[in-house]
Amino acid sequence: MQRINIKITEAVQKIIKELYGENVNEEQIQIQKTRKEFDGDFTLVVFPFLRFSKKSPEITANEIGDALVKNMQEVESYNVIKGFLNVSLSDEYWKNFFNEVKSNDNYGFKEVTENSNKIVIEYSSPNTNKPLHLGHIRNNLLGWSEAKIMEANGNKVIKVNLVNDRGVHICKSMLAWKELAGGKTPEDVKMKGDHFVGDYYVAFDKEYKKQIAELVANGMDEKEAKNEAKWMKQARTMLQEWESGKPEVRKLWEKMNSWVYAGFDETYKKLGVSFDKIYYESQTYLLGKEVILKALKEGKLQQKEDGTVFIDLTKDGLDEKVLLRSDGTALYMTQDIGTAILRYEDFKFDESAYVVGNEQDYHFKVLKIVLKRLGYDWAENISHISYGMVELPDGKMKSREGTVVDADDLVDEMIETAKEKSDELGKLEGFSEEEKNEIFRKIALGALKYFILKVDAKKNMTFNPKESIDFNGNTGPFVQYTYVRIQSMLSKAKDLGIENIHEYNNSEKLEQSELALLNFIYDFEDVVEEAGKRRNPSVIANYVFDLAKEFNRFYHEIPPILKEENKDLMKFRLSLSNKTAIIIKNALDLMGIEVPERM
RNA sequence: GCCCUCAUAGUUCAACGGAUAGAAUAGCAGUUUCCUAAACUGUAGAUACAAGUUCGAUUCUUGUUGGGGGUACCA
């Protein structure tokens with residue numbers, strides 16, 4: 001069935017041609033949803049046509065409105081307020097629309113086929129020297145949701161992770177462990193491996209600072225002290241040993257990384273994210289080096305006297321960018337070039353998307369240009385899904401100052417709060433512990449995910465731990481609750497012996513709240529598309545909240561459905577509720593949020 | 001210095017250049033012989049400042065002020 005907003009657009013085009021003899025393109029025809037406070041379903045803005053009609057906005061709108069009623073049987077009436085033509089569709093249209101979609105659980109989604117666009121999306125990208133924190137949570141939730149939304153828009157999506165498992169920062173925690181741990185493992189102290197390793201990274205920094213302070217006290221200037229501190233020198237040596245493949249160092253590196261991976265796996269599982277392929281920087285940086293050295297030989301890059309390899313981007317309005325250190329070791333950019341190339345060879349993607357914070361906007365601008373200069377045409381299809389920082393009410397998170405919000409802690413606290421809240425309300429009595437815990441988990445993660453994803457991805461956001469745990473108002477649990485309520489009603493209907501809720505013959509005039517719900521249901525398809533185009537899960541969040549709110553209003557305004565004597569009407573309303581629940585479930589799924597059946 | 005970004009109720013967030021700038025929360029006032037009150041209803045409260053473009057500007061342009069980020073042989 002053709003989308004009615006498109007049909008109206010085409011009709012308006014024809015009408016303008018007939019009335020005023022002008023050809024207007026689709027972009028000039030602004031059809032929007034009628035705002036709540038006015039009568040109507042769709043609104044046409046007529047101001048752009050005044051120069052054709054040479055009449056007042058009111059007269060122009062009336063002329064077009066008359067013609068629409070005449071030309072389109074779906075259009076029942078219209079009203080004009082200022083330059084706005086509000087069009088009301090007939091009950092018959094809405095009932096037909098609902099009949100089309102009520103049993104289609106995939107309404108709003110496009111099919112993924114063999115010929116679909118292939119998108120590789122990278123997200124998460126952790127370092128193996130510390131556990132995941134709140135910033136990673138935003139990244140992971142966004143990455144997962146973007147992937148889901150891309151899929152819903154008919155793209156073939158491949159989710160990849162790039163683990164930053166090498167570099168001097170990794171050596172720092174290795175060194176501290178070697179010096180301080182006395183051979184202890186995470187098992188020995190019953191800790192999650194990533195937290196265990198992270199503690200040694202912190203320990204390194206503490207000792208390092210002490211050493212700097214000592215040197216400064218002995219008269220060295222600070223800059224020199226930073227370079228000359230014993231542990232820093234040892235860490236650098238360790239990196240060189242690592243690069244040259246010294247067995248002892250490699251072994252330690254593998255051991256500690258494996259601890260971290262076990263910890264990450266747990267966190268990823270808890271968050272409900274996963275990957276189709278994992279890249280390791282340790283496996284891509286050599287390719288990056290190779291490609292750069294080759295390009296240098298071909299004269300595409302430049303070299304300084306000390307051996308530094310760089311690219312001059314001043315013509316692109318950027319600076320000179322170093323691609324290899326003077327000692328020949330790799331940088332972040334070096335490995336990212338390697339990874340990008342490897343990824344193209346692996347997947348021959350149509351698009352390669354990176355979910356990475358906006359602090360790296362410059363990095364990705366450079367990456368794209370460098371790859372193009374090196375002759376990789378597909379670099380044009382690299383996109384950076386840039387998102388804003390997460391700040392705490394009292395400022396930015398700083399790992400060194402201990403103001404980070406740990407990912408595992410946060411999730412655990414949310415679950416604990418969900419449990420308290422539920423006990424307080426006396427819900428879930430008579431459930432087994434296992435069932436209850438599963439529900440708490442869904443609610444807690446629903447709250448967290450919704451809280452983070454409802455904010456426009458590209459904007460910085462403030463994370464207030466207290467408010468994020470809220471389960472009322474514009475929150476995940478509010479939406480989940482609406483779903484649960486509908487499930488409860490549907491199962492009660494079944495208990496009453498009401499079967500085949502999609503089979504009815506509703507001849508009643510539609511109520512305002514029913515029309516409002518139908519409009520929301522209609523919108524879902526456009527919302528999914530918009531979220532995809534804008535690369536923004538918040539579009540979904542805003543929509544599903546409004547839908548849930550609208551349903552709750554409907555639920556209160558309409559007399560109890562299960563007591564409705566007109567069985568056709570009752571079934572229609574049950575079917576409408578059921579459809580609402582399915583859309584809630586599908587929309588939340590696009591955000592990685594699960595729905596409980598009871599709560 | 002240069003580049004990029006952001007600024008909306010007390011607070012956290014919305015608003016393809018369109019109508020009277022929406023929600024949530026905190027505040028105040030209500031709703032349960034009725035399908036889950038984690039709900040619903042009412043009330044009060046905001047576009048940093050100054051110009052410009054436009055029929056129309058929170059949205060676009062310029063300037064001012066104030067945040068954030070980048071400009072590393074860190075990632």
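All values below come from the heavy atoms of this structure, side chains included, with hydrogens, waters and symmetry mates left out. Order of the sequence lines fixes the chain letters, A, B, ..., with proteins taken first and strands second; residue numbering starts at 1 for each chain.
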Could you write out each protein N or O paired with an N or O of nucleotides 71-74 of chain B at a distance under 3.5 Å?
{"unit_1": "B:U71", "atom_1": "O2'", "unit_2": "A:D319", "atom_2": "OD2", "d": "3.0"}
{"unit_1": "B:C73", "atom_1": "O3'", "unit_2": "A:R325", "atom_2": "NE", "d": "3.4"}
{"unit_1": "B:C73", "atom_1": "O2", "unit_2": "A:S326", "atom_2": "N", "d": "3.1"}
{"unit_1": "B:C73", "atom_1": "O2", "unit_2": "A:S326", "atom_2": "OG", "d": "3.3"}
{"unit_1": "B:C73", "atom_1": "N3", "unit_2": "A:S326", "atom_2": "OG", "d": "2.9"}
{"unit_1": "B:C73", "atom_1": "N4", "unit_2": "A:D306", "atom_2": "OD2", "d": "2.2"}
{"unit_1": "B:C73", "atom_1": "N4", "unit_2": "A:T308", "atom_2": "OG1", "d": "3.1"}
{"unit_1": "B:C74", "atom_1": "OP2", "unit_2": "A:R325", "atom_2": "NE", "d": "2.4"}
{"unit_1": "B:C74", "atom_1": "OP2", "unit_2": "A:R325", "atom_2": "NH2", "d": "2.0"}

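- Residues that satisfy the side-chain hydrogen bond (donor to acceptor under 3.5 Å, both in side chains) test with A:T9, not counting sequence neighbours, are absent from this structure.
- The residue A:R534 sits close only to the backbone: its heavy atoms come under 4.0 Å of sugar-phosphate atoms, none of a base.
- Ring stacking is absent between A:F84 and B:G18, as the pair misses the limits of under 5.5 Å between centres and under 30 degrees between planes.
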*Determine which bases of RNA chain B form Watson-Crick or G-U wobble pairs with both distances under 3.5 Å, and write the result as a 5' to 3' dot-bracket string with | for other-strand partners.*
(((((((..((((....[...)))).(((((.......)))))....(((((..]....))))))))))))....
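- Near RNA chain B, meaning a heavy atom under 4.0 Å from it, residues 33-43 of chain A has A:R35, A:F38, A:T43 in order of number.
- No contact: A:E530 has no heavy atom under 4.0 Å from any strand.
- Listed by first then second residue, pairs satisfying side-chain hydrogen bond (donor to acceptor under 3.5 Å, both in side chains) with a partner in residues 559-571 of chain A read A:E508-A:N566, not counting sequence neighbours.
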*Could you run down nucleotides 7-13 of chain B 5' to 3' and tag each one B, S or - for protein heavy-atom contact under 4.0 Å?*
S---SSS
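- Interface residues of residues 423-431 of chain A facing RNA chain B, ordered by number: A:L425, A:K427; criterion, heavy-atom separation under 4.0 Å.
- Residue A:P560 is in base contact, counting any heavy-atom pair closer than 4.0 Å across all strands shown.
- By the salt bridge (charged side-chain N to carboxylate O under 4.0 Å, His left out) test, A:K226 pairs with A:E222, sequence neighbours left out.
- Geometrically, A:R3 engages A:Y522 in a cation-pi contact, judged by NZ or CZ lying under 6.0 Å from the ring centre and within 45° of the ring axis.
- Shown here are the ring pair (Phe, Tyr, Trp, His ring centres under 6.0 Å) partners of A:Y483, two or more places apart in sequence or in another chain: there are none.
- Judged by centroid separation below 5.5 Å and plane tilt below 30°, A:F47 stacks onto the base of B:G18.
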*Determine, for nucleotides 39-45 of chain B in 5'-to-3' order, which nucleotides have protein heavy atoms under 4.0 Å from the base (write B), from only the sugar-phosphate (write S), or from neither (write -).*
BSS----
If you look only at distance, which donor and acceptor atoms sit under 3.5 Å apart when one is on a side chain in residues 447-457 of chain A and the other is two or more places apart or in another chain?
{"unit_1": "A:K449", "atom_1": "NZ", "unit_2": "A:L271", "atom_2": "O", "d": "2.8"}
{"unit_1": "A:K449", "atom_1": "NZ", "unit_2": "A:G592", "atom_2": "O", "d": "2.7"}
{"unit_1": "A:Y450", "atom_1": "OH", "unit_2": "A:N474", "atom_2": "OD1", "d": "2.5"}
{"unit_1": "A:Y450", "atom_1": "OH", "unit_2": "A:A541", "atom_2": "O", "d": "3.3"}
{"unit_1": "A:K454", "atom_1": "NZ", "unit_2": "A:N474", "atom_2": "O", "d": "3.4"}
{"unit_1": "A:D456", "atom_1": "OD1", "unit_2": "A:K458", "atom_2": "N", "d": "3.3"}
{"unit_1": "A:D456", "atom_1": "OD1", "unit_2": "A:N536", "atom_2": "ND2", "d": "2.8"}
{"unit_1": "A:D456", "atom_1": "OD2", "unit_2": "A:K458", "atom_2": "NZ", "d": "3.2"}

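- With sequence neighbours excluded, no residue forms a salt bridge (charged side-chain N to carboxylate O under 4.0 Å, His left out) with A:E26.
- Using a 4.0 Å heavy-atom distance criterion, A:I558 is classed as a base contact.
- The interatomic distance linking A:Q32 (CD) with B:U59 (C1') rounds to 14 Å, in whole Å.
- Using a 4.0 Å heavy-atom distance criterion, A:D495 is classed as making no nucleic acid contact.
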